[in-house]
Amino acid sequence: MPHYEASFEIESVRDSNATRRILAYAYDTIREESRTVREGSEDATELLNSFKTLRDAAESPSPGTLVITYRQSDKEFDSSAIHD
């Protein structure tokens, strides 16, 4: 299972603003996708709440580290669930 990771050191207000925008965009994208694909499902609610927590945490500028991890699964998509 391939694993990719990127770290972003938040060392200034500008870095913090970039982090806030990244997390807001991720939240908005997941919210929109959840409305069209997973609306009302429990996993969509949990996922959205997790990203809302991240987005809200980035609202107050502070130093830190943003780490993004992507782990590819060996599984394939269910072809009936693919919309794009």
*Asks:* For the residue pair I30 and E33, establish whether any side-chain heavy-atom pair is separated by less than 4.5 Å.
*Replies:* no

*Asks:* Could you grab the distance from atom CD of E32 to atom OG1 of T29, nearest 0.5 Å is fine?
*Replies:* 8.0 Å

*Asks:* Going through the checks in order, is the side chain to side chain contact (heavy atoms under 4.5 Å, CB included) test met by S12 and D15?
*Replies:* CA-CA 5 Å; S12 69; D15 292 347; 3.4 Å; yes

*Asks:* Is atom CZ of F8 surrounded by more than 12 heavy atoms (other residues, nucleotides or ligands) closer than 6.0 Å?
*Replies:* yes

*Asks:* Between side-chain atoms of residues 65-73 and protein atoms elsewhere (two or more places apart, or another chain), which donor-acceptor pairs fall under 3.5 Å?
*Replies:*
from: T65; atom 1: OG1; to: E9; atom 2: OE1; distance (Å): 2.9
from: T65; atom 1: OG1; to: E9; atom 2: OE2; distance (Å): 3.3
from: T69; atom 1: OG1; to: E5; atom 2: OE1; distance (Å): 3.3
from: R71; atom 1: NE; to: H3; atom 2: ND1; distance (Å): 3.2
from: S73; atom 1: OG; to: K75; atom 2: N; distance (Å): 3.1

*Asks:* Sequence neighbours left out, cut at 3.5 Å: what donor-acceptor pairs do the side chains of residues 47-55 make with other protein atoms?
*Replies:*
from: N49; atom 1: ND2; to: T45; atom 2: O; distance (Å): 3.3
from: S50; atom 1: OG; to: E46; atom 2: O; distance (Å): 3.1
from: K52; atom 1: NZ; to: D56; atom 2: OD2; distance (Å): 3.1
from: T53; atom 1: OG1; to: N49; atom 2: O; distance (Å): 3.0

*Asks:* How many angstroms lie between atom CG of D28 and atom CZ of R31, to the nearest 0.5 angstrom?
*Replies:* 4.5 Å

*Asks:* Please find the pair of heavy atoms, one from P61 and one from S16, that lie closest to each other, and give the distance.
*Replies:* CA-OG, 3.1 Å

